[in-house]
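Counting begins at 1 with the first residue of the sequence. Order of listing sets the numbers, starting from 1, for every ligand and every atom in it.
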Amino acid sequence: MSKDNSKISISVIKRLPRYYRFLGELKANGIERISSNSLAQMMNLTASQIRQDLNCFGGFGHQGYGYNVAVLHSKIGAILGVDSKLKTILIGAGHLGNAIARHLDFEKKGCVLEAIFDIDENLMGKNICSIPIYNVAYLQEYCEKNKPVVAVLCIPKEAAQSLADSLVSAGIRAFWNFSHYDLNTDYQENVVVENVHLGDSLLTLTYRANNEI
Ligand code: NAI
């Protein structure tokens, strides 16, 4: 990597997981190299957009050869931090929390889900895929001892902001937030938030279905 990643625009960063996914599929299918034109066609982008995106990190392509799939896949993985093993906790072991804990391959995305917390006494002592569920009252103490950095929030929106505030003081600096509430962490410079609203994506689809675009 020849350039400072902190200066890369967030819109380029947001496209990288998609490159990573497509290249992973090509690699799994035994494809060794690909031109920017073919990759662009597959991904419904332009070749110049791909070159521009990858140039932010120093290129990786070779004139007349294109891209080596395995090399590009591993370089983009390294930029994204797929081997980061960020200590992760999940709050809210309800329907959504269960689905996420069971079906998301955290380790392949640079995170290790180590503990789950809930307010419901009936869930204490249980686990989801061997990950223990603890009482949310134990959260601060757990964070002091284990120093997680990522929190996945699957709790009702009413509880989201105050819980996030206490998690920030306990050292959490990244939120994957599914509660239907856009967290405000402006007060803390080094805290990052990804608010995820599946409903927004569905509404976009509704618009596109109605307008045929
Ligand atoms: P659920 O009711 O099945 O689970 C919520 C869990 O959070 C329960 O186990 C409850 O005991 C726990 N909880 C409540 N307050 C808590 C607190 N202060 N600390 C720790 N745990 C607490 O609900 P479900 O279906 O799992 O949904 C969870 C949230 O995610 C809801 O607010 C829902 O609206 C939202 N949601 C968001 C989606 C998205 O795309 N962002 C999609 C689906 C649901």
Any luck finding a side-chain donor-acceptor pair between [X] and [Y] under 3.5 Å?
| X | Y | result |
| --- | --- | --- |
| N68 | H73 | no |
| S35 | S38 | yes |
| N37 | Q41 | no |

Give a yes or no on whether L163 and I119 share a hydrophobic cluster (residues Ile, Leu, Val, Met, Phe, Trp, Tyr; joining criterion: side-chain heavy atoms under 4.5 Å apart).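 Yes, L163 connects to I119 through the hydrophobic network.
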Under 3.5 Å, is there a donor-acceptor pair between the side chain of T88 and the main chain of L86?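 Such a contact is found between T88 side chain and L86 backbone.
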Minimum-distance pair of heavy atoms, taken over all atoms of Y181 and H197: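 Of all heavy-atom pairs spanning Y181 and H197, the closest is N-CE1, 3.9 Å.
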For ligand 1, would you mind listing the residues that have at least one heavy atom less than 4.0 Å away, ordered by chain and number?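 Under the 4.0 Å cut-off, ligand 1 touches I91, G92, A93, G94, H95, L96, D118, I119, D120, V136, C154, I155, P156, K157, A159, F178, H180, V196, H197, L198.
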